[in-house]
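This report concerns only the one structure given below.
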Amino acid sequence: MTQAEYHFTNNQLADIFDNIGSLLEIKGEVIYKILAYRKAAESLRTFGREAQDVWREGKLMGIPGVGKAIAEKIDELFTTGKLEFYEKLVHEVPIGLLELLQVSDLGPKKAALFWNQLGITNLVELEQAANAKKLQSLPGMGEKSEAKIIAGIQAIHRRSGRIPLGKAWLFYNELAKILGNVPGVVRLEPAGSLRRMRSTVGDLDILAAVSDSEAIMEEFIHHPQVIRVIGQGQTKSSVEFDNGVRAQLWAHPPERFGTALQYATGSKDHNVRLRELALKHGLSLSEHALARTDGSEILCKTEEEVYTALGIPWIPPELREDRGEVQAALSSSLPTFVKLDDICMELHCHSTWSDGRLTIYEMAEAAIKRGLKILAITDHSGGLGVAGGLKIDDLQAQRTEIDNVQAQLGSRLKLLQGSEVEILADGSLDFPDEVLQKLDIVIASLHSSLRQPREKVTQRLVNAIQNPHVDIIGHPTGRILPDREGADLDMDAVFQAAANNSVSLEINANPARLDLDDVYARRAAEMQIPICINTDAHSESDLDLLHFGVSTARRGWLTPDMVMNAWAGERFSNWLNRKGIIE
DNA sequence: GCCGTTTTCGGCCCGACTGTTTTCAGTCG
């Protein structure tokens, strides 16, 4: 018999379970049940494999945070396309109430209050009620609470969502110039998802080491770009800037900076793990100190001291997502992760032959300045009209120029002639095989027709991977942060093809891409696919974006062994020659 | 609802800030 099967991505499942959690919270369900749904949702988002495949294998409960009850719900969704429990819940608690939870200072209790007392079921109705001053007379409410809710709704109208990592770093650096110079400030560090190098950042978290916090807090809340002070105190203040960014500043004395930085870096789930671990050592961990049961404190100046006190090695911030890092640290199986210094080649950049700003010689000198040993010039193929791609006839002239520049460089840098060849809408490549064959290295990339149906766009990528001359797939999904989704790819099929053909998948280091992302990178590496980290530089300063790619790789648990740009020359040339293409 | 170097039941992290309160609940990270 044939059984119908409905398709849900991990993110779609996660959204459903997040919604269930929030609706139950408004309903007043016990908190641990809610946390369990949230945990399962987060776990699905970062699992790396499609839950649907796991379901076909009958192993849903192997997904962390998924037990019997949630596995049954996932099964019902794949089997019937619906979830009765969810539908009944939505019938009971209006789903529009979830919008209310986006308003700062408005949580499930107040959402339930507004719904029960005033019949409010969505954000529009809440705004009307607030403007009509209907909220302030409710129990536990007052004029100030109502004004805060109005301000929170206005902030939602202003905000554009999460900030891309690159923009967050630039803004942090601007703030750091001012805050770092406040008298008495010993250290200033980014914290939160910024320090963990997530691809997008919600609020900007900043931590200062200072004995007296008054001056820096004053400087912070009176910054000229601040349009709203959300909260202010001695250890924590929070503001909104005119560019829609929200930031919080924590201040702690230098002798307690280690616990404070650990705390402010998060993630929340990682911190919960550490506190559980602390309790097993008879200690209570907070941002201030490790406290013994008799109340005495262990102060930590550095994060290393915190982790050491808990009996585990320091864990890099990028790892702190509760994806098994604490367990790995406990069992001494935390590997040494790739770092910026390991990277000795750039395999994806552009010159004035297409849309780059530097000549090949200038790009080479910029690469040498950054300590690189190998540089692949990979200008666009002609098909990408907007980028002024090379025609086939141009390639020989470009080769001559590369040879000339190579002669000038001598042994300081090895140049490769490559191409970022377009994967066309019909799945063919922009250059014929006999042209690709003459190149030292070939990157194939999708830039157009990203919205094709899943099956078609996946097949385009698989075709490219199976071409005997293709070495690397550039920015595989084509996503642009924060808002342009990548192509709807069957990543398991892409990974399988890449593994079979020993084709490398790129982590594009440009913070507008970070594609592959951390979760996919981890999965790809587990499948023995060689990963490369490239800046896709179009200018000299683009080469300095490399650290974003390296951090993404660390978030994906990648070691130098898994990252091609960190390989010794011989191992790299062996890989490049795996099909006998170049000298 | 999940989970197990205190295991199949009984736990499940910690504190700051705010507003409405006369001691605490709600929210947030």
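All chains are named by letter (A, B, ...) in the order of the sequence lines, taking the proteins before the strands, and each is independently numbered beginning at 1.
Distances were taken from every side-chain heavy atom of A:K280 (C-beta onward) to each of B:dT6, B:dG26, B:dG1; the shortest belongs to B:dT6. Comparing B:dG19, B:dG29, B:dT27 by their closest approach to the side chain of A:K148 singles out B:dG19. Checking B:dT20, B:dG29, B:dC14 against every side-chain atom of A:S284, the shortest atom distance belongs to B:dC14.
Judged as a salt bridge (charged side-chain N to carboxylate O under 4.0 Å, His left out), the pairs with a partner in residues 57-79 of chain A (not counting sequence neighbours) are, in order, A:R49-A:E57, A:K68-A:E72.
Ring planes of A:F171 and A:F241: perpendicular class, angle over 60° (limits at 30 and 60°).
Rounded to the nearest Å, the gap between the C1' atom of B:dT7 and that of B:dG11 is 11 Å. If you take atom P in B:dC17 and the same atom in B:dC13, they sit 22 Å apart, rounded to whole Å. Between B:dA16 and B:dC12, the distance separating the two C1' atoms is 22 Å to the nearest Å. Distance noted for atom P between B:dT21 and B:dA25: 13 Å (whole Å).
Of all the residues in residues 65-77 of chain A, A:G65, A:V66, A:G67, A:K68, A:A69, A:I70, A:K73 reach under 4.0 Å from DNA chain B with at least one non-hydrogen atom. Residues from residues 228-236 of chain A placing a heavy atom under 4.0 Å of any atom in DNA chain B, listed by number, are A:G231, A:Q232, A:G233, A:Q234, A:T235, A:K236. For the segment residues 199-207 of chain A, residues with any heavy atom less than 4.0 angstrom from an atom of DNA chain B are, sorted by number, A:D203. Contact check of residues 286-303 of chain A against DNA chain B (heavy atom, cut-off under 4.0 Å) returns A:S286, A:E287, A:H288.
Within the structure, every side-chain polar atom (N or O) of A:S145 is placed at least 4.0 Å from both OP1 and OP2 of B:dT18. A:Y32 has no side-chain polar atom (N or O) that falls below the 4.0 Å cut-off from OP1 or OP2 of B:dC12.
Across the protein-nucleic acid pair, A:M61 atom CE and B:dG4 atom P stand 11 Å apart, rounded to whole Å. Taking atom CG of residue A:L100 and atom P of nucleotide B:dG26, one finds them 16 Å apart after rounding to whole Å.
More than 90° away from 0 lies the glycosidic angle of B:dT21, which makes this nucleotide anti.
The pairing partner recorded for B:dG26 is B:dC17, the criterion being a Watson-Crick or G-U wobble arrangement whose two distances lie under 3.5 angstrom.
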Under 3.5 Å between N/O atoms: give me all the protein pairs with nucleotides 21-24 of chain B, atom names plus distance.
none

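Side chains of A:Q234 and A:E214: a donor-acceptor N/O pair is absent below 3.5 angstrom, by distance only.
A:K109 comes within 4.0 angstrom of the backbone, heavy atoms only, and of no base.
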